[in-house]
Amino acid sequence: VYFHVRRAHHGAWTVVHVVGEVDLATAPEFRAELVAATKESGALAIDLTDCDLVDSVGLGVTLGAARRVRSSGGRFAVVASGVVRRAFERTRLDEILDVVESMSALEAVPLAEGGTGS
Amino acid sequence: VTTGRVDELEIPADSRYVAAARNFVADSARAAGWLDEDQIDDLRLVASELVTNALRAQAHHALPAVITVRSVYHDDRFELSVADSAGGFDAPVAPPLPEPDLHREGGFGLPLIEALTDEAHFVRNGSGTTVRVVVYRPDPERRAG
């Protein structure tokens, strides 16, 4: 499975950039990278704009990362478009996560206390 | 009555082959000719969910096994079925999409399958479960004619 993940920084955000597909085979590496990134920063963004597919396994891993970040008062966002964004919408996860179209929209993502999460 | 064109792929019950199943389904969907790229992307996602479910069913069984992925395409519909040989039969009641909840761990697969297909049928086969989904071609002119 084509999958590559790397960590970068964008302003105050730690950004986990994913290339390829997140499924049952690649989710463990995705999860490990998110756990490591969570320890590094209080503002975590997952950039899925170069990701071709995130299935239910990947959605679960993403939600787990959001939970860990939010529970420590941090900011969390997903950057996604196309079929990946539709997966978040179809499962209504876009209602509890900040899902934005581009990296430039990250600035508008509020702090956890004022976030769309509850 | 039309008999559709059938493509079939057998994969080992191994997570490394989920991607192969997705690509197989995408190729079939392209061959059908009438699905656009968004619909093909959605079918790839559905394939991922169906095969992942089959792998999880199979994981409870020690027997080495194959998962059969079959696509049948017609002028008016695309059918995809995934069969495991896990022995059991676990037909879920059509699940309502749960309220979004940050503390949820999983359970997104079936709602995605329901959302992205027009029909989903869970049937017992000789040695396990077959899930068959159908996507209809949106074409009002055909129905009018």
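What you are looking at is a predicted structure, and each value in this text was computed from that prediction instead of being measured. Just so we're on the same page: letters track the sequence lines, and every chain starts at 1.
Under the 4.5 Å side-chain contact rule for hydrophobic residues, A:Val22 and A:Val83 share a cluster. Linking ILVMFWY side-chain heavy atoms closer than 4.5 Å, directly or via other members, places B:Val72 and B:Val134 in two distinct hydrophobic clusters. Using a 4.5 Å cut-off between side-chain heavy atoms of Ile, Leu, Val, Met, Phe, Trp and Tyr, with links allowed through other members, A:Val19 and A:Val84 fall into different hydrophobic clusters. A chain of hydrophobic side-chain contacts below 4.5 Å, direct or via other Ile, Leu, Val, Met, Phe, Trp or Tyr residues, connects B:Phe78 to B:Leu116.
Close approach to chain A, defined as a heavy atom under 4.5 Å from one of its heavy atoms, is seen in B:Asp38, B:Asp41, B:Asp42, B:Arg44, B:Leu45 of residues 35-45 of chain B, taken by number. Near-neighbour residues of residues 24-34 of chain A relative to chain B, defined by a heavy atom under 4.5 Å from a heavy atom of that chain, comprise A:Leu24, A:Ala25. Heavy-atom proximity under 4.5 angstrom to chain A picks out B:Ser15, B:Arg16, B:Val18, B:Ala19, B:Arg22 from residues 13-27 of chain B.
Using a 4.5 Å cut-off between heavy atoms, A:Leu53 touches chain B through its side chain atoms alone. Heavy-atom distances place the backbone of A:Val54, and not its side chain, under 4.5 Å from chain B.
Ranked by heavy-atom pairs under 4.5 Å with chain B, the list A:Val61, A:Asp52, A:Asp55 is led by A:Asp55.
Here the shortest heavy-atom pairing between B:Leu102 and A:Arg67 reads O-NH1, 2.8 Å. Heavy-atom minimum distance, B:Gly109 versus A:Ser56: N-CB, 3.5 Å.
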- Item | side chain to side chain contact (heavy atoms under 4.5 Å, CB included) evaluation trace for A:Val57 with B:Phe108 | CA-CA 8 Å; A:Val57 184; B:Phe108 304 110; over 6 Å; no

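The closest side-chain heavy-atom distance from A:Asp23 to B:Thr52 is not below 4.5 Å.
With sequence neighbours left out, B:Asp118 forms a salt bridge (Lys or Arg N to Asp or Glu O under 4.0 Å) with no residue at all.
Here the side chain of A:Arg90 pairs no donor or acceptor atom with the backbone of B:Leu112 at under 3.5 angstrom.
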